[in-house]
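What follows is a set of notes on a single structure, which appears directly below.
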Amino acid sequence: MFFSSPALHWPSYSFAPYPISREAALPRSFDVLILGAGAAGLLCAIEADKRGRRVAVLEHADRIGKKILISGGGRCNFTNIHCTPENFFSANPHFAKSALARFTPADFLALVKKHRIAYHEKTLGQLFCDNSASEITNMLEAECNAAKVQIFLNTKITEVHRTTEFILRSDSAEFRAPVLVVATGGLSIPKMGATSFGYDLALQFGHKIVPTRPGLVPLVFHRSDQHRYAELAGVSADVIASAGKHSFREKMLFTHRGLSGPAILQISSYWKEGQHIQLDLAPRRDVTAPLRASSRRDLAAVRNALQEFLPKRFATRWLEFHAPRTFTNPALAALEQQLHAWTVAPASTEGYEKAEVTSGGVDTRELSSKSMESRNVPGLFFIGEVVDVTGHLGGFNFQWAWASASAAGRSL
Ligand SMILES: Cc1cc2nc3c(=O)[nH]c(=O)nc-3n(C[C@H](O)[C@H](O)[C@H](O)COP(=O)(O)OP(=O)(O)OC[C@H]3O[C@@H](n4cnc5c(N)ncnc54)[C@H](O)[C@@H]3O)c2cc1C
């Protein structure tokens, strides 16, 4: 199940063997180097500074927190007040508990309030900025500036070595520190700068990687279902989506290629290729009860019953493929059953290009759950999405980024 050698499914970085080139620029020395100026990296820098550490954050993009800026439709769903360990999955489901307990949504909210950022609860405990996600990046940047954290943008690290300390080299500079925190995120949205760097680095230092998959991602229909339902693109319905023992009641949305919307994104994290999902199109309703009690039993009556809770076009199209042949009680019972368990076998997901997160990642069995430090390599830490901990939709992935960053930052 685990990769133990750099034979990967992603384009991997190569790390040159030590010693590094003699032409290296003058080394810059710090107490802590953090790779990645995303949610986890920035919060870790702030926490580490509170312990008096000299911190540098190295970021290959031209600005900090690019994913924060596009998150939550531009308003950043920065946490969820109902956060529990059950909102996360991992090969080791207990791993996240300690960090989540020690940095809670209230802790992050305290920071948001300190910076007077207006926010609101949208639904199901999800907290969003009233105005813009840039308020969160501005807040993190202000905290970093106050703490004199040095952030190096456009810094593409090409070599990483460890002697008595970590030595990182970019085209133009060399950075040294006894502590290296890897906060390079997952593989989702490559065009925003997502790379496999963190996974490659973990492998370089002997860590295992739980195979990665796109998570919180739209599902793609098989060709036959695409033909049947593509014209419903944009239509949504309240459903319960299930895969195995996992279920989510939220909105589902038809797309040109398949299904999306919160219910589908949530269940996509549990769906595996070759499996099917089930959709309850009529949660907690006995749709055919009035028909069974009525003397008028025909297709129009069934359609009317469905259109009471499903969008008209959806009800009509769905019935084209699921209409009962007769209207006897057993036939109506079978229809009722189908309505509560419409079985769809997706062909695939929309992949990392459209995924909100990457599930899998650095195997937690080789990390301390208290500090996120490697058990194999003292001074090496992994935080945020690069670690094999993935949250549900609804602010949980940021909460993991903050909590794991705080756990590492406090132990530096
Ligand atoms: C469209 C979208 C919307 C989302 N909305 C939400 C939401 O509303 N709520 C929520 O909880 N979660 C949301 N997420 C998920 C959330 O953004 C991530 O889980 C979170 O950003 C992970 O934080 P991180 O710091 O681990 O990684 P990231 O935020 O991805 O940060 C990693 C950083 O490392 C940098 N980096 C990568 N490789 C290198 C390298 N080789 N050298 C130097 N730097 C490198 C990257 O440029 C980036 O700045 C969303 C994700 C997407 C894609």
Side-chain angles (χ1 to χ4, degrees), residues 70-75 77 122-124 126 128 214-243 246-271 273 275-291 298-324 332 334-351 353-357 392-394:
I70 59 161
S71 68
R75 292 226 162 87
N77 176 196
K122 194 170 174 190
T123 171
L124 304 171
Q126 303 169 10
F128 284 76
L216 300 180
V217 62
L219 297 174
V220 178
F221 278 140
H222 272 292
R223 195 174 290 269
S224 56
D225 278 341
Q226 245 175 66
H227 283 136
R228 288 174 174 180
Y229 301 109
E231 70 179 39
L232 295 180
V235 171
S236 70
D238 174 34
V239 303
I240 298 175
S242 307
H246 303 281
S247 293
F248 295 91
R249 180 172 182 171
E250 286 191 61
K251 287 263 187 250
M252 169 187 91
L253 173 76
F254 283 92
T255 68
H256 290 287
R257 283 163 48 84
L259 294 170
S260 187
I264 298 301
L265 297 182
Q266 297 278 34
I267 213 63
S268 73
S269 295
Y270 293 98
W271 175 78
E273 218 132 302
Q275 294 181 347
H276 59 258
I277 58 168
Q278 285 197 325
L279 300 167
D280 182 346
L281 303 179
R284 299 213 187 100
R285 280 175 184 266
D286 188 349
V287 182
T288 55
L291 292 168
D298 54 22
L299 192 55
V302 171
R303 191 179 303 115
N304 286 345
L306 263 63
Q307 288 179 346
E308 275 183 28
F309 59 95
L310 287 178
K312 283 193 171 132
R313 281 164 59 208
F314 179 21
T316 307
R317 183 38 66 107
W318 191 83
L319 268 182
E320 281 175 30
F321 305 105
H322 300 88
L332 290 176
L335 176 70
E336 185 77 40
Q337 204 270 333
Q338 286 224 56
L339 275 169
H340 294 289
W342 180 28
T343 301
V344 174
S348 62
T349 72
E350 291 278 8
E353 278 70 22
K354 297 269 178 71
E356 278 202 14
V357 285
H392 290 165
L393 189 76

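Salt bridge E231/R317: present, at least one basic N to carboxylate O contact under 4.0 Å.
Here CZ of R313 is found 12.0 Å from CD of Q307. Values are rounded to the nearest 0.5 Å. Here the straight-line distance linking atom CD1 of I267 with atom CE of M252 works out to 13.0 Å at 0.5 Å rounding. Summarising the geometry, atom CG belonging to L319 is positioned 7.0 Å from atom CG belonging to L335; distances are rounded to the nearest 0.5 Å. Here the CG atom belonging to L291 is positioned 6.0 Å from the CG atom belonging to L332, to the nearest 0.5 angstrom. To the nearest 0.5 angstrom, D225 atom CG is 13.5 Å from R257 atom CZ.
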Practice problem: Go through the steps to decide whether R249 and R284 satisfy the test side-chain contact (heavy atoms from CB on, under 4.5 Å), and finish with yes or no. | Solution: CA-CA 11 Å; R249 180 172 182 171; R284 299 213 187 100; 3.4 Å; yes
Exercise. Apply side-chain contact (heavy atoms from CB on, under 4.5 Å) to L281 and V287, showing your working.
Key: CA-CA 10 Å; L281 303 179; V287 182; over 6 Å; no
Exercise. Evaluate side-chain contact (heavy atoms from CB on, under 4.5 Å) for I240 paired with H340, printing each intermediate quantity in order.
Key: CA-CA 9 Å; I240 298 175; H340 294 289; over 6 Å; no
Quiz item: Between L219 and T349, does a side-chain contact (heavy atoms from CB on, under 4.5 Å) hold up when you go through it step by step?
Solution: CA-CA 4 Å; L219 297 174; T349 72; 3.9 Å; yes
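The nearest pair of heavy atoms linking W271 to P346 is CZ2-O, 3.4 Å. In terms of heavy atoms, E273 sits closest to S348 at OE1-CA, 4.5 Å. Listed here is the closest heavy atom pair of A355 and G215: CB-O, 3.4 Å. Taking both residues in full, the closest heavy atoms of S260 and T255 are given as CB-CG2, 3.6 Å, listed atom of the first, atom of the second, then distance. The two residues P290 and D286 have their closest heavy-atom pair at CD-O, 3.9 Å.
Checking each of Q338, R228, R303 against W318 for a side-chain contact (heavy atoms from CB on, under 4.5 Å) leaves exactly one that passes, namely Q338.
Put simply, the side chain of E336 gets close to the backbone of T288: a donor and an acceptor are under 3.5 Å apart.
With contacts defined as side-chain heavy-atom distances shorter than 4.5 Å, the pair S269/L216 qualifies. Counting heavy atoms from C-beta on, the side chains of L339 and L306 come closer than 4.5 Å. The side-chain heavy atoms of S242 and I277, taken from C-beta on, include no pair separated by under 4.5 Å. Put simply, the side chain of V344 does not reach to within 4.5 Å of the side chain of H276, judged on heavy atoms. With a 4.5 Å cut-off on side-chain heavy atoms, F248 and L265 do not count as touching. Taking the side chain as every heavy atom from C-beta outward, V357 and L393 never approach each other to under 4.5 Å. Taking the side chain as every heavy atom from C-beta outward, V217 and E356 never approach each other to under 4.5 Å. For the pair W342 and F321, the minimum side-chain heavy-atom distance is 4.5 Å or more.
Ring planes of Y229 and F221: tilted class, angle from 30 to 60°.
Between the side chains of Q278 and S247, no donor N or O sits under 3.5 Å from an acceptor N or O.
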